[in-house]
Peer 1: 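This is the structure I want to talk about, given as structure tokens.
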Amino acid sequence: MKMSKLFVQTQREFPSDAEVISHKMLARAGYIRKLAPGVYTFLPLMWRVLKKIENIVRQEMDAAGAQELLMPFVQPKELWEESGRWDVYGKELMRLKDRHNRDMCLGPTHEEIITSVARDGLKSYKQLPVNLYQIQSKFRDEIRPRYGLLRGREFIMKDAYSFDVDEKGLDKEYENMAKAYTKIFKRCGLDTKMVQSDSGAIGGSVSHEFMVITDTDAGENDVFYCNECDYSANSNHAVSKLPDAVVDGKDYFKEKAVKDTPNTFSIEDLCNFLKIPSTIILKTLVYIVDKKPVLALIRADKAVEETKLMNAVNGNDIRIASAAEIAEIMENNGFNAVPGFIGPKGMKNVSIIADETVKDMKNFVVGINETDKHLVGANHSDLGVELKYFDIRLVEQGELCPQCGKPLFVTKGIEVGNIFKLGTKYSKPMNAVYLDENGKTHPYIMGCYGIGISRTAAAAVEAHYDDDGIKWPLAVAPYHVVVVPVNINDELQMKTAVNIYEQLLKAGVEAVLDDRDERAGVKFKDADLIGFPFRITAGKTLQEGLVECKVRESGEVTKITPEDAVSKVIAAVRNIG
RNA sequence: CGGGAUGUAGCGCAGCUUGGUAGCGCACCUCGCUUGGGACGAGGGGGUCGCAGGUUCAAAUCCUGUCAUCCCGACCA
């Protein structure tokens with residue numbers, strides 16, 4: 001490809017609406033163009049990158065025994081009603097009507113479709129196991145798309161679905177996919193960590209996420225990990241042992257008493273007023289889960305992890321209650337306390353979920369639904385309710401690994417892949433069954449496995465860049481090399497460059513010839529920004545019969561003969577396959 | 001949906017306070033000059049100033065409404 005004809009417009013400045021590195025770089029270097037929030041055109045360079053990633057995914061999925069197909073993007077409501085998700089998926093599911101007023105939706109994921117495909121085709125245990133996948137645009141109407149390709153509404157995803165006769169088969173395929181995923185990301189130039197996670201709207205029992213750990217602020221997930229053993233988990237799923245699990249307020253309170261605690265609306269106020277540590281306060285938070293009130297009880301120095309709380313009550317949607325909602329809930333229970341003084345005592349018609357940290361508290365401080373008062377020196381028998389304990393706590397760095405007891409660390413991660421054990425979550429309600437050797441029907445045991453293709457591309461940028469631009473890993477770069485004649489009016493330079501370019505093309509290397517009548521600085525800046533892994537420059541060193549070969553990743557520059565430059569690049573490209 | 005901000009050429013911005021019919025840099029076209037890290041000079045093309053009302057002789061500018069976008073919180077590949 002000749003640079004003069006390549007459809008790319010680099011920008012001298014970063015777009016003002018970009019926040020994270022990958023978005024800034026991809027927009028400035030002419031890879032993407034925004035059409036609407038979270039909706040981007042993939043310009044030719046971007047499309048080449050995405051196709052490279054797709055091909056790596058394809059090769060590894062095929063090698064792992066999966067078969068590619070392509071399902072419809074627009075889906076009828078009926079299937080979603082069969083699985084029960086039409087009502088619970090929420091606003092991320094883009095719903096629309098066709099001309100006959102039939103309800104449809106844009107596919108955010110394809111469990112329903114693949115399950116219906118499977119039940120029509122997979123009738124016998126002899127046909128199982130099967131793993132089917134597709135690479136396709138998905139649409140999720142995210143509340144707030146941001147970070148460019150990292151959180152688009154329309155994005156490219158590889159989604160695979162496995163069907164087995166039993167759990168054992170699923171476990172095996174799950175392992176198989178985990179291995180394939182690690183390989184895929186490695187080939188894309190990304191080191192990933194496989195972490196335990198919550199299974200969210202997709203559902204199922206076990207799930208893991210593949211996280212790219214970056215030092216940029218683009219990582220949206222907190223990942224907790226242990227340096228001593230293999231434990232790692234997303235913050236929405238991480239568990240830990242508390243270093244100081246048993247707390248007793250007996251040093252502060254000799255006996256149980258109701259105390260005046262005026263204007264202590266926050267835990268901090270209360271600590272200051274009573275001159276006590278927050279560890280001996282029982283904190284009560286009011287949440288709304290699926291429109292119903294839930295009280296969350298937790299030791300006050302710890303925070304509630306909302307996903308865990310939601311799961312504790314089998315909910316789909318959670319948010320903290322507004323002041324007005326709290327007032328209404330209090331009124332329904334015959335109280336009028338304001339936030340800061342709320343507690344479980346006397347609360348009816350609300351779910352009360354206590355974190356495990358509450359279990360070992362003694363002689364603590366708790367709200368009793370009276371404004372400006374707290375009960376101090378309280379114990380569980382004073383709460384007037386039998387508590388149900390769950391782990392709803394947000395883990396913090398420094399807490400101890402649940403497996404080996406060593407301190408946990410936290411880091412930011414970009415989730416590029418996710419694997420789930422679905423079990424019969426879809427096959428059962430959708431009556432997707434096979435016949436065993438005795439002629440008995442059983443629902444398939446399913447798994448599903450996603451990779452964000454466009455997100456992986458963005459993550460690759462987050463992991464490989466410098467001040468001058470992108471440093472694509474060779475395997476996913478839009479082109480392998482740019483050949484730069486410094487001055488196209490210099491006959492020797494131009495002839496040498498064209499010669500190198502043609503040799504590279506002949507050898508199957510993806511090369512660009514920068515044949516633009518631009519000054520050297522412009523060409524070099526563009527080459528760095530776009531991120532060609534190699535740059536071969538035909539310039540003044542030709543007087544010694546040499547060209548320059550620059551490696552973008554390391555910045556290393558060598559003066560070598562044109563022949564050596566060609567062989568060097570060819571060798572590198574052959575090396576990635 | 002709550003909190004904050006912004007809409008002026010493909011990109012980045014000024015002009016608005018104090019109304020007088022739109023400007024700068026980059027990019028684009030032409031010519032000259034230049035050719036190893038985003039040169040320079042001259043000339044040129046491109047904008048119903050988000051949209052709709054209103055005030056006024058006159059609105060990018062003032063008023064009202066509306067739409068959109070971006071950032072911070074609840075979603076997820």
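So that the names make sense, note that chain A is the first sequence line, chain B the second, and so on, each numbered from 1. Not measured: the values here are computed from a predicted model.
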Peer 1: Please identify which of these residues, A:Thr456, A:Ile213, A:Leu150, A:Asn221, meets the side chain to side chain contact (heavy atoms under 4.5 Å, CB included) condition with A:Ile414.
Peer 2: A:Leu150

Peer 1: Can you tell me which nucleotide in B:U69, B:C76, B:A74 comes closest to the side chain of A:Arg455?
Peer 2: B:C76

Peer 1: Between atom CG in A:Asn221 and atom C1' in B:C75, what is the gap in whole Å?
Peer 2: 11 Å

Peer 1: Is the positively charged end of A:Lys193 above the ring of A:Tyr225, judged by distance under 6.0 angstrom from the centroid and angle within 45° of the axis?
Peer 2: yes

Peer 1: Separation of A:Glu209 atom CD from B:A77 atom P, in whole Å?
Peer 2: 7 Å

Peer 1: Atom pairs under 3.5 Å, N or O on each side, protein against nucleotides 1-8 of chain B: can you list them with distances?
Peer 2:
none

Peer 1: Please measure how far the P atom in B:G47 lies from the corresponding atom in B:C40, and state the result in whole Å.
Peer 2: 27 Å

Peer 1: Tell which nucleotide pairs with B:G43, taking only Watson-Crick or G-U wobble pairs whose two distances are both under 3.5 angstrom.
Peer 2: B:C29

Peer 1: Closest approach to the side chain of A:Glu19, judged atom by atom: which nucleotide of B:C76, B:C75, B:C71 is it?
Peer 2: B:C71

Peer 1: Ignoring hydrogens and angles, answer whether the base of B:C76 and the side-chain atoms of A:Arg151 contain a donor-acceptor pair closer than 3.5 Å.
Peer 2: yes

Peer 1: Do any side-chain atoms of residues 540-551 of chain A form donor-acceptor pairs under 3.5 angstrom with protein atoms, and if so which ones, sequence neighbours left out?
Peer 2:
unit_1	atom_1	unit_2	atom_2	d
A:Thr541	OG1	A:Leu546	O	2.8

Peer 1: If we take the C1' atom in both B:C28 and B:U18, what is their distance in whole Å?
Peer 2: 37 Å

Peer 1: Can you check ring-ring contact (aromatic ring centres under 6.0 Å, His included) on A:Tyr31 and A:Trp472, steps first, answer last?
Peer 2: CA-CA 13 Å; A:Tyr31 283 79; A:Trp472 287 115; 5.7 Å; yes

Peer 1: Tell me which residues in residues 43-56 of chain A put a heavy atom below 4.0 Å from RNA chain B, sorted by number, or none.
Peer 2: none

Peer 1: Please enumerate all protein N or O atoms sitting under 3.5 Å from an N or O of nucleotides 11-14 of chain B, with distances to 0.1 Å.
Peer 2:
unit_1	atom_1	unit_2	atom_2	d
B:G12	OP1	A:Ser16	N	3.1
B:G12	OP1	A:Ser16	OG	3.1
B:G12	O2'	A:Glu13	OE2	3.0
B:C13	OP2	A:Ser16	OG	3.4

Peer 1: Kindly write out the residues that satisfy salt bridge (Lys or Arg N to Asp or Glu O under 4.0 Å) with A:Lys138, not counting sequence neighbours, or none if the list is empty.
Peer 2: A:Asp159

Peer 1: List for me each residue that meets ring pair (Phe, Tyr, Trp, His ring centres under 6.0 Å) alongside A:Tyr501, sequence neighbours excluded, and say none if there are none.
Peer 2: none

Peer 1: Quick one: list whatever passes ring pair (Phe, Tyr, Trp, His ring centres under 6.0 Å) with A:Tyr174, sequence neighbours left out.
Peer 2: A:His208

Peer 1: Hey, what are the protein-to-nucleotides 43-46 of chain B N/O distances that come in under 3.5 Å?
Peer 2:
none

Peer 1: More than 12 non-hydrogen atoms from neighbouring residues, nucleotides or ligands closer than 6.0 Å to NZ on A:Lys186, yes or no?
Peer 2: no

Peer 1: Sequence neighbours left out, what pairs pass salt bridge (charged side-chain N to carboxylate O under 4.0 Å, His left out) with at least one residue falling in residues 28-48 of chain A?
Peer 2: A:Asp17-A:Lys34, A:Arg48-A:Glu510

Peer 1: Give the B/S/- string for nucleotides 30-37 of chain B, one per nucleotide from 5' to 3', where a protein heavy atom under 4.0 Å of the base yields B, of only the sugar-phosphate yields S, and otherwise -.
Peer 2: ----BBBB

Peer 1: Not counting sequence neighbours, list each pair that qualifies as a salt bridge (charged side-chain N to carboxylate O under 4.0 Å, His left out) and has a residue in residues 4-13 of chain A.
Peer 2: none

Peer 1: For A:Lys183, give me all partners under salt bridge (Lys or Arg N to Asp or Glu O under 4.0 Å), at least two apart in sequence or on another chain.
Peer 2: A:Glu60

Peer 1: Taking atom C1' in both B:A68 and B:A52, compute the distance separating them and give it to the nearest angstrom.
Peer 2: 14 Å

Peer 1: For the C1' atoms, the ones on B:A14 and on B:A22, what distance do you get once it is rounded to whole angstrom?
Peer 2: 11 Å

